[in-house]
Amino acid sequence: MVEQIPDTLESSGPQLILIVDDELRMRRFIRMNLELEGYQVIEAENGIQALDQIRQFNPDLAVMDVMMPEMDGYMVLAHLRNDPSTRDIPVIFVTAMDTDEDEEKGISLGAVDYIAKPIRPAIVMARVKAHLELKKARDWLSDQNAWLENEVARRLRENLLMQDVSIRALANLAEVRDMETGNHIKRTQAYVQVLTGHLRLHPRFSGYLTTSMAQLIPKAAPLHDIGKVGIPDHILLKPARLTPEEFAIMKNHSAIGGDAIEAALRAEINDDEFQ
């Protein structure tokens, strides 16, 4: 049974927020307001601690001061954005640096918002809630895309398996009618595989013989004799040398097989267009 794709944005628990500020009073003030809204909160008093906390707990959002000892907020943000595992964590700067240039710098580095001190709890809560909702939506969309990619890959594997089984089944039809065809099919497939590998290196064929095409041609090689199912038994199974007339009929097996494959391809194209 195919697993259904998730269709809701429900959270598995309280979202985790990191507060980064070298002022204890400010951290506790913001923390109190966030916890009143039901969020989980962790703290860091400088940029180095912030990076450690982020790597350890992977918060949903960071509320961060800019001016801090050892490593300022801009440097922390640069580290986060350069790391694939943390680049999607939204960062809100809460700082006394309130000029337009400061705000533009923070946003250009990848901050999602910029709140000037002194802060108003209602403003902070509104911004935090908005960006957490956006992150939840982005995470859900990312999970959905990952699910779809896995589903496409799974179905592609199934289709390729069915393709291999179908080719082998058709080739076995020819083998059933002609007892000498079995090893001949295997030898021909091996020859085609070697030949295809060499032709890929030739300038005349390298553009056509892509990796997928070079894999497909040897896979389809066993079909070259399926047209023998259309040759009468008294000719196909004749132990003696064929007459010129019989040999002319025998040579038709390639056209019979080609017509059958072409008809199958046309039917598949028509089915796709109908759908």
Side-chain angles (χ1 to χ4, degrees), residues 1-21 27 30-31 33-44 47-66 71 73-94 103 106-115 121-164 210-212 215 272 275:
M1 181 177 179
V2 177
E3 181 182 355
Q4 294 298 312
I5 188 168
D7 57 2
T8 68
L9 299 181
E10 295 180 0
S11 175
S12 59
Q15 291 170 293
L16 180 63
I17 300 174
L18 170 65
I19 303 171
V20 188
D21 199 305
R27 295 201 307 272
I30 298 176
R31 178 171 193 156
N33 285 277
L34 290 173
E35 289 181 335
L36 286 175
E37 294 293 327
Y39 298 115
Q40 289 186 328
V41 181
I42 54 178
E43 301 179 22
I48 296 176
Q49 286 186 9
L51 291 176
D52 289 339
Q53 294 280 60
I54 289 170
R55 294 188 184 102
Q56 184 175 355
F57 296 105
N58 189 32
D60 295 291
L61 180 142
V63 178
M64 189 181 309
D65 191 14
V66 174
M71 180 183 291
Y74 295 142
M75 295 178 65
V76 175
L77 183 58
H79 278 281
L80 297 182
R81 295 297 176 259
N82 288 330
D83 186 340
S85 66
T86 59
R87 66 176 48 156
D88 293 328
I89 297 175
V91 173
I92 298 176
F93 280 140
V94 178
E103 183 173 353
I107 298 299
S108 67
L109 290 174
V112 297
D113 216 330
Y114 199 98
I115 303 175
I123 297 297
V124 174
M125 295 305 105
R127 303 282 182 85
V128 165
K129 183 177 180 180
H131 289 295
L132 284 174
E133 289 297 323
L134 285 173
K135 182 179 186 297
K136 187 189 298 184
R138 285 195 300 268
D139 290 346
W140 176 83
L141 183 59
S142 177
D143 291 341
Q144 185 185 55
N145 288 339
W147 185 93
L148 289 173
E149 290 175 0
N150 290 334
E151 183 66 10
V152 169
R154 183 186 68 80
R155 294 192 179 189
L156 178 60
R157 289 194 299 270
E158 289 181 353
N159 289 339
L160 291 175
L161 177 60
M162 289 301 299
Q163 183 184 81
D164 291 344
T210 61
T211 299
S212 59
Q215 293 172 346
D272 291 341
Q275 293 175 0

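No hydrogens, no waters, no symmetry mates; every other heavy atom, side chains included, goes into these values.
- When all heavy atoms are compared, the tightest approach of Val41 to Glu35 is CG2-CG, 3.8 Å.
- Between Arg87 and Asp83, none of the side-chain N atoms (NZ, or NE/NH1/NH2) sits under 4.0 Å from a carboxylate O, so this pair counts as no salt bridge.
- Classification of Arg27 and Asp21 as a salt-bridged pair fails, no side-chain N sitting under 4.0 Å from a carboxylate O.
- The CD atom of Gln49 lies 10.0 Å from the CG atom of Leu18; values are rounded to the nearest 0.5 Å.
- Leu61 has its side chain within reach of Val63: a pair of non-hydrogen atoms, C-beta onward, lies under 4.5 Å apart.
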- Message: Evaluate Leu77 against Met64 for side-chain contact (heavy atoms from CB on, under 4.5 Å), listing each step before the verdict.
- Response: CA-CA 9 Å; Leu77 183 58; Met64 189 181 309; 5.6 Å; no
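- Taking both residues in full, the closest heavy atoms of Gly106 and Phe93 are given as CA-CE1, 3.9 Å, listed atom of the first, atom of the second, then distance.
- Using a 4.0 Å cut-off between a side-chain N of Lys or Arg and a carboxylate O of Asp or Glu, Arg154 and Glu151 qualify as a salt bridge.
- The nearest pair of heavy atoms linking Lys135 to Asp88 is CE-O, 4.1 Å.
- In this structure the side chain of Arg81 reaches within 4.5 angstrom of the side chain of Val91, judged on heavy atoms.
- Counting heavy atoms from C-beta on, the side chains of Asp113 and Val128 never come closer than 4.5 Å.
- The heavy-atom pair separating Pro14 from Gly38 by the smallest distance is CB-O, 3.6 Å.
- Looking at heavy atoms from C-beta onward, Lys136 lies in side-chain contact with Gln15 at the 4.5 angstrom threshold.
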Return all side-chain donor-acceptor pairs below 3.5 angstrom for residues 50-60, not counting sequence neighbours, or 'none' if the list is empty.
unit_1: Gln53; atom_1: NE2; unit_2: Glu43; atom_2: O; d: 2.8
unit_1: Asp60; atom_1: OD2; unit_2: Leu16; atom_2: N; d: 2.8

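- By the ring pair (Phe, Tyr, Trp, His ring centres under 6.0 Å) test, Tyr39 pairs with no residue at all, sequence neighbours left out.
- A pairwise comparison of heavy atoms in Met71 and Val76 identifies SD-CG2, 3.7 Å as the closest pair.
- Ile92 pairs in a side-chain contact (heavy atoms from CB on, under 4.5 Å) with only one of the listed residues (Val124, Val112, Ile17), which is Val112.
- With rounding to the nearest 0.5 angstrom, the CD1 atom of Ile48 is 8.5 Å from the CE atom of Met75.
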